[in-house]
Enquirer: 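The structure that follows is given in the form of structure tokens.
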Amino acid sequence: DGSRFSLVLRSGTGRIVPRHCYPPLSVTLLESKCRWDFRRIAFKRESPEKMGSSSNHQTTYIVIGLAAFATAAALWYISSKNDDGSAAKKKSKSLPTKDAGGGAGGGSSVDSGITPTKSNVRAAPTTASSSSASTTTTTTAATSSKTSDATDDDKALHRRIEEIDRAGKALFKEKKFMEAAETFTEALDLIEQKRPSTAIKSSAASDGESTKSSSSLTRQIITLTNNRSAMYEKASFPDLALSDCDAVLDLDPGHSKARTRRLRILESQNRHTEALVEVCALQLKFMNDNRDKLRLGLPPTGHPPVAQSKIEELMAQIQPEEMNRAQEALDMKDSGDRALPSTYTVTQLLKSFSGYNKWMGEAARGGTVGKFTSQIEDLLDHVPRKNLVAYADNSATKATLLLHRGKRHAFEKDFVKAVADFDEAFALAEDKDGKDETDHDEVKAEIVKAMENEDYARLLEWTGMCKHLRYELKGALDCYERCSEMEPDNTELLVKRAGVKMDGNQHDEAEALFVDALTLNPTASDALLHRANLRMLQQRVPESESDLETCIRLYPNNLLARLRLATVFMAKEDLDGARRMLDKAAEYEPDSSEVHCYRGELHFAKGEFADAKGEFDKAMVCDPLNPTPYVNAALAVMNTPPTGGSMVPDVAGAVKLLEKAIEVDPMMHAAYVQLGQMKLSMATDLKKAKEVVELYDRGLEYCRTPEELKDICSMRILTLAQIDAAHALHMETLNMQ
């Protein structure tokens, strides 16, 4: 059913990922991914583990469906493309033939100039009036004579143009393309020469006749210019051909042949962005021509003007440059200025590691933020660097206090302040301010020596986590590896290092680290959980399922393992197995936002959209900071059949939910993708449509992986192309309502 969000594999953040959109609101995502990554704490936002390379994604390319609320997906079930070369040749149109026999008493003429004569005759009761009527009749006859002369000239002009046109087409058949182009130019020059005199003569005729003549000449100009453009293209003069295409489109923006030729030439010149605009223009015109049928959910008349493969080809050419531009903008930001994931996301990540309860307990017992702040303020300022021992001791003490205060901030889920403390502590331990001094290495070693080994190890570990949260993979790995050198038997560090490798697409190295961790501790729950993620990314579903079942057997109350196993069952379309696993998870944590969210997805998979929406609503109540149910609820709303005589879903309600998702988690990538589509569908003018581009620009600022960049860049490219196409067609809106 192309008109619905079809099922529904869990993405890394547990959200529903549609294969198709209902309806294809505006530009549906050119590549709408159904990821086999089921991780709840995936670090596209939620974890330091990458969703996987694009080769591990099942990708569905969705062609452009413009902003209609009807089931425009039907377009692409009629997938064949009209062959421009096999289309019937358009016949040249001449001026409609009229009887030229007008005159003073010639009642046989159909020229509208006779009309005033009849009214004057009827108003003539006296001789004087008859004389007046006679004068009027004489004037009318003269006017009719001029009109007849103009009409005769027009007919002669059109006959001559048709003769030249036939000669040009004959030359075309002989493959004499430039000679044919010169012939069409002769006809166009003839029109240009005759138009001034024709206009003067036609001024004596009625407005209707003049308009018809002008319209007929315009049609001839369009036909001849288009034919000449075709000859230039055949003769390998693309710039001349483009110039003629532009001239045709200035007169007739909806001229499909000229647009198709322009598309073809632009593509041959590697002007792919401009070519995509032409694709959108052709699609927009097709949609607009079929708007009444689309509103009713009926199949359109005729075939789509552009093949889906053409859109894919153009996007494949445009995307790399756009992605590089977006990546360069991200790289220009200082790593410390990069935003952290949401509070909910970071919390879920931390809970996935086996040491969570231990450090949380230590932070709870260690003291308040105020206590550590007071102790930091009591330290001496500006201890001379030349007094090495005192300087190192003071720096080590402050770094240790900042470490413990940071842990307390993390305990209170104030992760922004926690990261700031960890960063400052690490800078002190690394003697960052003295990195250019000659005694830097000596001072750094003395500071580390002054710290307790446990404190320094934890500082390295927390700093590694902070860097990973900001997607500084190299720095994160360096910290984790240094910590592992101090604690070679720490399996949690091996798991975290594996997560960094996964984000770096180094899956084999990640696998080796998981093996090392499980060799040290075969019951390490976090190693089993995260290795299951890796295996799911690699589509090794049975092995992933085995890891999760082992984890549950060892730790029956492990909620994350049960939720992830439910995802595996959903991926296998074993919905009964998924339901049983979720029921068991609910026994351990009935008020879990995640449990309700998973249950909603299960209803969604069964097409029970109202029940799905109900579960998502419960998930929001259980934890308002969980962004996933907002996105999923919006998709449920869009799939719920309209009621009350409405023909469209509650798009406004879905938009509010997606906006809320971004509010609670600005890195909620799926929310940007879906929200942009919906807002574009609601845009009442092109200014509103441009606001969608601004939305995608904001989303790009939070992208962390190439996959996320590709998704939003694709949407942005297509949205801009649609707006430019609408301008080219002189449309004021993309909304087909």
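Predicted model only: the values in this text are computed from it and were never measured.
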Enquirer: Using 30° and 60° as the class limits, which term best fits the ring planes of Tyr702 and Tyr672: parallel, tilted or perpendicular?
Expert: parallel
Enquirer: Under the criterion salt bridge (Lys or Arg N to Asp or Glu O under 4.0 Å), which of Lys572, Arg564, Arg531, Arg535 is the partner of Glu545?
Expert: Lys572
Enquirer: Who are the side-chain contact (heavy atoms from CB on, under 4.5 Å) partners of Val277, not counting sequence neighbours?
Expert: Ala721, Asp724, Ala725
Enquirer: Glu322 side chain to Cys713 main-chain N or O, any donor-acceptor pair under 3.5 Å?
Expert: no
Enquirer: Any donor-acceptor pair under 3.5 Å linking the side chain of Ser546 with the backbone of Pro542?
Expert: no
Enquirer: Rounded to the nearest 0.5 Å, how far apart are CG of Asn270 and CD of Gln317?
Expert: 7.0 Å
Enquirer: Work out which heavy atom in Ala561 is nearest to a heavy atom in Cys551; give both atom names and the distance.
Expert: CB-SG, 4.0 Å
Enquirer: Ignoring hydrogens, what is the shortest heavy-atom contact between Val595 and Glu589? Give both atom names and the distance.
Expert: CG2-O, 4.0 Å
Enquirer: Can you see which heavy atom on Leu284 is nearest to which on Ala726, and at what distance?
Expert: CD1-N, 3.7 Å
Enquirer: Count the heavy atoms of every other residue, nucleotide or ligand shown that sit under 6.0 Å from CD of Glu321, and state whether that count exceeds 12.
Expert: no
Enquirer: Report the distance from atom CG of Leu700 to atom CD of Glu708, rounding to the nearest 0.5 Å.
Expert: 10.0 Å
Enquirer: Atom CG in Leu635, atom CE in Met678: separation rounded to 0.5 Å?
Expert: 6.0 Å
Enquirer: Check Ser592 against Leu559 and note the closest heavy-atom contact, atom names and distance.
Expert: OG-CD2, 3.9 Å
Enquirer: Test your reading of the model: is there a side-chain donor-acceptor pair from Asn324 to the backbone of Pro320, 3.5 Å cut-off?
Expert: yes
Enquirer: Listed by chain and number, what are the salt bridge (Lys or Arg N to Asp or Glu O under 4.0 Å) partners of Glu663, not counting sequence neighbours?
Expert: Lys660
Enquirer: Specify whether Phe422 and Trp462 have parallel, tilted or perpendicular ring planes, treating 30° as the upper limit for parallel and 60° as the lower limit for perpendicular.
Expert: parallel
Enquirer: Could you pull out the closest heavy-atom pair between Tyr598 and Leu563, with the gap in Å?
Expert: CE2-O, 3.1 Å
Enquirer: Show your working on salt bridge (Lys or Arg N to Asp or Glu O under 4.0 Å) between Lys679 and Glu659 and close with a plain yes or no.
Expert: CA-CA 11 Å; Lys679 278 186 172 290; Glu659 289 175 337; 3.1 Å; yes
Enquirer: What residues, two or more places apart in sequence or in another chain, satisfy side-chain contact (heavy atoms from CB on, under 4.5 Å) together with Ser484?
Expert: Leu493, Arg497
